[in-house]
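See structure below.
In this text the structure is predicted, and so the values were computed from the model without any measurement. Throughout, a chain's letter reflects where its sequence line sits, starting with A, and its residues are numbered from 1.
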Number of protein chains: 2
Amino acid sequence: MVSKAFKPVPASEIPDEISGLRMTRQRQHIYRILLQHRDHPTANDVFMRIKDTLPNLSLATVYTCLDAMVKHGIIRQVNFDRGPSRFCPNLAEHGHFHDVTTGIIHDVQFRPGIHLADVLDLPPGAIIKNVEFTLRGQLS
Amino acid sequence: MVSKAFKPVPASEIPDEISGLRMTRQRQHIYRILLQHRDHPTANDVFMRIKDTLPNLSLATVYTCLDAMVKHGIIRQVNFDRGPSRFCPNLAEHGHFHDVTTGIIHDVQFRPGIHLADVLDLPPGAIIKNVEFTLRGQLS
DNA sequence: GCCGATATCAAGAATTATTCCAGTTATCGC
DNA sequence: GCGATAACTGGAATAATTCTTGATATCGGC
Ligand SMILES: [Mn+2]
Ligand SMILES: [Mn+2]
Ligand SMILES: [Zn+2]
Ligand SMILES: [Zn+2]
């Protein structure tokens, strides 16, 4: 049950600015961690994974870097119930399927051409800015 | 901008047991608060609304009563991002539309006959136990 | 109605994720 | 290089929630 790993991204391949956010050394490393292993890590997971390469990065900085990237639309913050926030570099409209037996979180998309708003009974005049959905279950 | 109020439910109309959970005086009052004003209050909202009738109810008890009712499937716990949990007595499959201009949370249902799993690209073999969705936006 | 067993409750302490703060360091434009 | 600004660090503070411990209430059997 190996979770999907992506090819490591050398620091040189991450530009020094994305969507108007200066990509400092800390932000580049954090972003690379998210791209390499897309398992929706928490801020603390990121912190532990990065300790070897940046030994004096502080957890507060991990939080503020993640927050800055979320605010600039570079990554997304994902919440499951009351658990710690998780982070995801997949910017496509998608939701999450949480496999409760393995703990693995899978990205899930709508079938082509379908939008959530089309299948819902919305209050008249509703303008949707943002959609989030989560499924919990297992893989048989 | 009056939010929907429901007819007050006298204590006598709430049975002394629901789905195997003994409905103590505290639980009855809390449940009645949820039924009367279905605006998805937080535990603290419930606590403040109940203070006049049960002046020595503790906030910890509000939390444990709500949790007991959630565990017994009498009410549902709803989370928006990292905000405090909110509680909802609507047991039908539904999601939430958060109007960001008024702060009001509307219940939203699927159009008849539609299920979220039917419109998604799920991993093969996925068995869905639970679905949650949230929309953010405004009413024009 | 009384009694021990069990469930529930109250009040405050503890926990956990996250944010704030104050001082230091890095980067930018000139 | 220099002052201004942004970013970073480490520790303290915060907020929602849970835990703990000791009281109360309720239950079933007598
Ligand atoms: Mn986290
Ligand atoms: Mn709450
Ligand atoms: Zn994702
Ligand atoms: Zn609801």
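A close approach under 4.0 Å does not occur between any side-chain nitrogen or oxygen of A:Arg22 and OP1 or OP2 of D:dA7. Distances shorter than 4.0 Å separate none of the side-chain N or O atoms of B:Thr24 from OP1 or OP2 on D:dA25. For A:Thr61, a side-chain nitrogen or oxygen approaches OP1 or OP2 of D:dT9 to under 4.0 Å. Distances shown here put a side-chain N or O of B:Ser85 below 4.0 Å from the OP1 or OP2 atom of D:dT17. Contact between the side-chain N/O atoms of A:Tyr63 and the OP1/OP2 oxygens of C:dT19 is not found at any separation under 4.0 Å.
With respect to A:Asp81 and A:Arg136, a salt bridge is recorded, a charged nitrogen being found less than 4.0 Å from a carboxylate O.
The separation between A:Asn56 atom CG and C:dT25 atom C1' is 12 Å, rounded to whole Å. Protein atom CE of B:Met23 is 14 Å distant from nucleotide atom P of D:dT26, rounded to whole Å. In this structure, NE2 of A:His29 is placed 12 Å from P of D:dC8, rounded to the nearest angstrom. Going from atom CE of B:Met69 over to atom C1' of C:dC9 covers 14 Å, rounded to whole Å. Atoms CD (A:Gln26) and C1' (D:dG10) sit 14 Å apart, rounded to a whole Å. In this structure, A:Ile30 atom CD1 and D:dA7 atom P are separated by 13 Å, rounded to whole Å. D:dG10 atom P lies 12 Å from atom NZ of A:Lys51, rounded to whole Å. Look at CG on A:Leu59: it is 9 Å from C1' on C:dT18, rounded to the nearest Å.
Under the 3.5 Å distance criterion, with hydrogens and angles disregarded, a donor-acceptor pair is assigned to the side chains of B:Thr61 and B:Ser58.
Judged by closest nucleotide on DNA chain C, B:Ser58 is the one of B:Ser58 and B:Arg82 placed further toward the 5' end.
Closest non-hydrogen pair, B:Phe97 versus A:Ile127, comes out as CE1-O, 4.4 Å.
Of the candidates D:dG10, C:dA11, C:dC9, the closest approach to any side-chain atom of B:Ala60 belongs to C:dA11. Distance from the side chain of B:Pro84 is smallest for D:dA16 among the nucleotides C:dA17, C:dC9, D:dA16. Counting only heavy atoms from C-beta on, A:Arg27 has its side chain closest to D:dC8 among D:dC8, C:dC9, C:dG12.
Rounded to the nearest 0.5 angstrom, B:Asn44 CG and B:Leu59 CG are separated by 6.0 Å.
Residues B:Leu21 and B:Ile33 fall within the same hydrophobic cluster, defined by Ile, Leu, Val, Met, Phe, Trp and Tyr side chains chained together at heavy-atom separations under 4.5 Å.
B:Asp67 comes within 4.0 angstrom of no nucleic acid atom, judged by non-hydrogen atoms across all strands.
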